[in-house]
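Just so you know, ligand 1 is whichever comes first in the structure, and atom 1 is the first atom listed for that ligand.
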Amino acid sequence: MKVVKNISLKNLNTFGVDVKSKYFVEIYSEEELKQALNSGEYSNHQKLILGGGSNILFTKDYDGLVIKNSIPGIKLLDEDSKKVIVEAGAGVIWDELVKYCVDYNFGGIENLSYIPGTVGAAPIQNIGAYGQELEEIFYELNGIYIDSCETKNFNKSECSFSYRSSIFKNELKNKFIITSVKLKLNKNPNVNLSYNSVKKEVEKKNIKQPTIKDIREIVIAIRKSKLPDPVEIGNAGSFFKNPVITKEKFKVLKEEYPDLKHFFVDENNVKIFAAWLIEKCGWKGKRFGDTGTHKLQPLVIVNYGNASGKEIYEISKMIKSDVKTIFYITLKNEVNIIN
Ligand SMILES: Cc1cc2nc3c(=O)[nH]c(=O)nc-3n(C[C@H](O)[C@H](O)[C@H](O)COP(=O)(O)OP(=O)(O)OC[C@H]3O[C@@H](n4cnc5c(N)ncnc54)[C@H](O)[C@@H]3O)c2cc1C
């Protein structure tokens, strides 16, 4: 374990924002993590755990210790005739875990293919895509409290998962570090075609009995066609969550905007597509200097080159303000802002 000083984080965040961290360490085991947390030299400094940096926006240099979690390892822990428990280290690349499971025909994870980032960050915002969320396959996780170095195991209900959220994004934000995650998967999987574009693609390809491998390939192809690749253009995926509003408020808006893109969450609540709101405010493809919204995906804020984190953050605030003024809806950030 080697702590380095004043390192640039440009290649460690998918926005490609060029900030420095006062101290930086990469850890490969729970023991190394404890060593980093216990080291006297850094005990008075703030600490930030970093995975793939694909859901984070640094608005300035980080005046503390950034701990890059690279704890490796995927293993099959337990199985019966129907289910299997797979455990992965928090530093494993999420999509490598998905590929491992799909290759063994362990189902329930395939719609989450190709989401960037690490396994350890997946529970933070209960990652979700194409009709599936992590919580549906989550079994439990292990980790360490930053202050006490005490280890703790969380079962599903203790994680308080909800739409792009969990206890780790709220009460335990920056207080707990996930070191491993266990998932419960199906050995005789049924494919999930609840998302229209996935279903349409299966039909278009005339696949009569789609396998989870087919679904993984379709999801990857859709993602590649729709989302900007951070290697080519800096971004962190959706910058905002889709807002949920009451049915009453929805009715009023729908009268004024008959094309309002939405879907019903339950009897009383409606989810509105944030991308639609942003586009209606005239923000699609709008650019200021080296930052702005993506030309095809207004929900994605991009770094065209050398934008600073502060500039990107300012754009996000302008978008929020316009959406609030026009629709009386407050957008919430999906990306973690480091101020
Ligand atoms: C092109 C693109 C597409 C995306 N699509 C999706 C999508 O479809 N669905 C979706 O849900 N997300 C999506 N995202 C967002 C992102 O990929 C996920 O949120 C991912 O889980 C972040 O993982 P990471 O390792 O990069 O986390 P980081 O960005 O490194 O960290 C995110 C937050 O989690 C904390 N954290 C990281 N690791 C740990 C740990 N081990 N213990 C405790 N805290 C930790 C960090 O401190 C930070 O607050 C997308 C991002 C991009 C760039």
* To do: Give a yes or no on whether the ring-centroid distance for Phe250 and His262 is below 6.0 angstrom.
  => yes
* Tell me, which protein residue and heavy-atom name are nearest atom 28 (P) of ligand 1, and how many Å apart are they? -> Gly53 N, 3.6 Å
* To do: Could you tell me whether Asp290 and Arg287 have a side-chain N and a carboxylate O separated by less than 4.0 Å?
  => yes
* For ligand 1, is any non-hydrogen atom under 4.0 Å from Phe176's backbone (N, CA, C, O), its side chain (CB onward), both, or neither? -> backbone
* Asked: Short list, please: which atoms of ligand 1 are under 4.0 Å from a heavy atom of Asn235?
  -> 1 (C), 53 (C)
* Asked: Is ligand 1 under 4.0 Å from a heavy atom in the side chain of Ala129, in the backbone, in both, or in neither?
  -> side chain
* Are Ile178 and Leu33 connected, step by step, through hydrophobic side chains (Ile, Leu, Val, Met, Phe, Trp, Tyr) whose heavy atoms are closer than 4.5 Å? -> no
* Numbered atoms of ligand 1 (with element) below 4.0 Å of Thr118, judged on heavy atoms -> 23 (O), 24 (P), 25 (O)
* With respect to atom 14 (N) of ligand 1, which of Ile338, Ile127, Val181, Ile115 exhibits the smallest heavy-atom separation? -> Ile115
* Asked: In the protein, which heavy atom is nearest to atom 46 (C) of ligand 1, and how far is it?
  -> Ile49 O, 3.2 Å
* Let me know which of Val3, Val4, Asn11 forms a side-chain contact (heavy atoms from CB on, under 4.5 Å) with Ile7. => Val4
* What is the closest protein heavy atom to atom 9 (N) of ligand 1, and at what distance does it sit? -> Gly128 O, 2.8 Å
* Does ligand 1 have any atom sitting under 4.0 Å from a heavy atom of Lys173? -> no
* Does Tyr130 have a non-hydrogen atom less than 4.0 Å from ligand 1? -> no
* Close side-chain approach of Tyr100 and Val86, heavy atoms under 4.5 Å -> yes
* List the closest protein heavy-atom neighbour of atom 29 (O) of ligand 1: residue, atom name, distance to the nearest 0.1 Å. => Asn55 N, 2.8 Å
* Asked: With atoms numbered from 1 as shown, which atoms in ligand 1 lie under 4.0 angstrom from a non-hydrogen atom of Leu48?
  -> 47 (O)
* Asked: Just checking, Lys156 and Phe138: is the charged tip under 6.0 Å from the six-membered ring centre and within 45° of the axis?
  -> no
* N/O of Ile124 under 3.5 Å from N/O of ligand 1, yes or no? -> no
* **atom 33 (C) of ligand 1 [closest protein heavy-atom partner, distance rounded to 0.1 Å]** => Asn336 ND2, 3.4 Å
* Are there more than 12 heavy atoms of other residues, nucleotides or ligands under 6.0 Å from atom OH of Tyr163? -> yes
* What do you reckon, are the aromatic ring centroids of Tyr23 and Tyr62 less than 6.0 Å apart? -> no
* Closest protein heavy atom to atom 20 (C) of ligand 1, given as residue, atom name and distance to 0.1 Å -> Pro116 O, 3.4 Å
* Geometric N/O contact Gln125 with ligand 1, under 3.5 angstrom -> yes
* Asked: In terms of atom number and element, which parts of ligand 1 are under 4.0 angstrom from non-hydrogen atoms of Ile56?
  -> 29 (O), 48 (C)
* **For ligand 1, the portion of Asn69 having any non-hydrogen atom under 4.0 Å away** => side chain
* Counting both backbone and side chain atoms, is some N or O of Gly237 under 3.5 Å from an N or O of ligand 1? -> no
* Structure fact -> Counting heavy atoms under 4.0 Å, the part of Thr179 that contacts ligand 1 is neither
* Judging by distance only, is a nitrogen or oxygen of Ile177 under 3.5 angstrom from one on ligand 1? -> no
* **Contact (N/O only, under 3.5 Å) between Arg223 and ligand 1** => yes
* NZ of Lys99: more than 12 outside heavy atoms within 6.0 angstrom? -> no
* Among protein heavy atoms, which lies nearest atom 15 (C) of ligand 1, and at what distance? -> Ser54 O, 3.8 Å
* Any chance NZ of Lys310 has more than 12 other-residue heavy atoms, nucleotides or ligands included, within less than 6.0 Å? -> no
* To do: Step through the shown structure and confirm whether more than 12 heavy atoms of other residues, nucleotides or ligands are within 6.0 Å of NZ on Lys261.
  => no
* Ligand-side contact atoms (ligand 1) for residue partner Gly117, heavy atom cut-off under 4.0 Å -> 23 (O), 24 (P), 25 (O), 26 (O)
* Asked: Within less than 4.0 angstrom of ligand 1, does Arg164 place any heavy atom?
  -> yes
* Taking the six-membered ring of Tyr257, is NZ or CZ of Lys254 closer than 6.0 Å to its centre and within 45° of its axis? -> no
* Asked: How about Lys332: does its NZ atom have over 12 heavy atoms from other parts shown lying under 6.0 Å from it?
  -> no
* How far is atom 24 (P) of ligand 1 from its nearest protein heavy atom, and which residue and atom is that? -> Gly52 N, 3.4 Å
* Go through ligand 1 atom by atom and flag the ones less than 4.0 Å from a non-hydrogen atom of Gly120. => 39 (C), 40 (C), 41 (N)
* How about Asn306: does its CG atom have over 12 heavy atoms from other parts shown lying under 6.0 Å from it? -> no
* Exceeds 12 heavy-atom contacts within 6.0 angstrom, atom NZ of Lys200 -> no
* At a non-hydrogen distance cut-off of under 4.0 Å, which region of Pro230 contacts ligand 1 (side chain, backbone, both, or neither)? -> side chain
* To do: Any chance you could lay out the ring pair (Phe, Tyr, Trp, His ring centres under 6.0 Å) test for Phe154 and Phe176, step after step, and finish with the verdict?
  => CA-CA 11 Å; Phe154 281 78; Phe176 188 78; 5.0 Å; yes
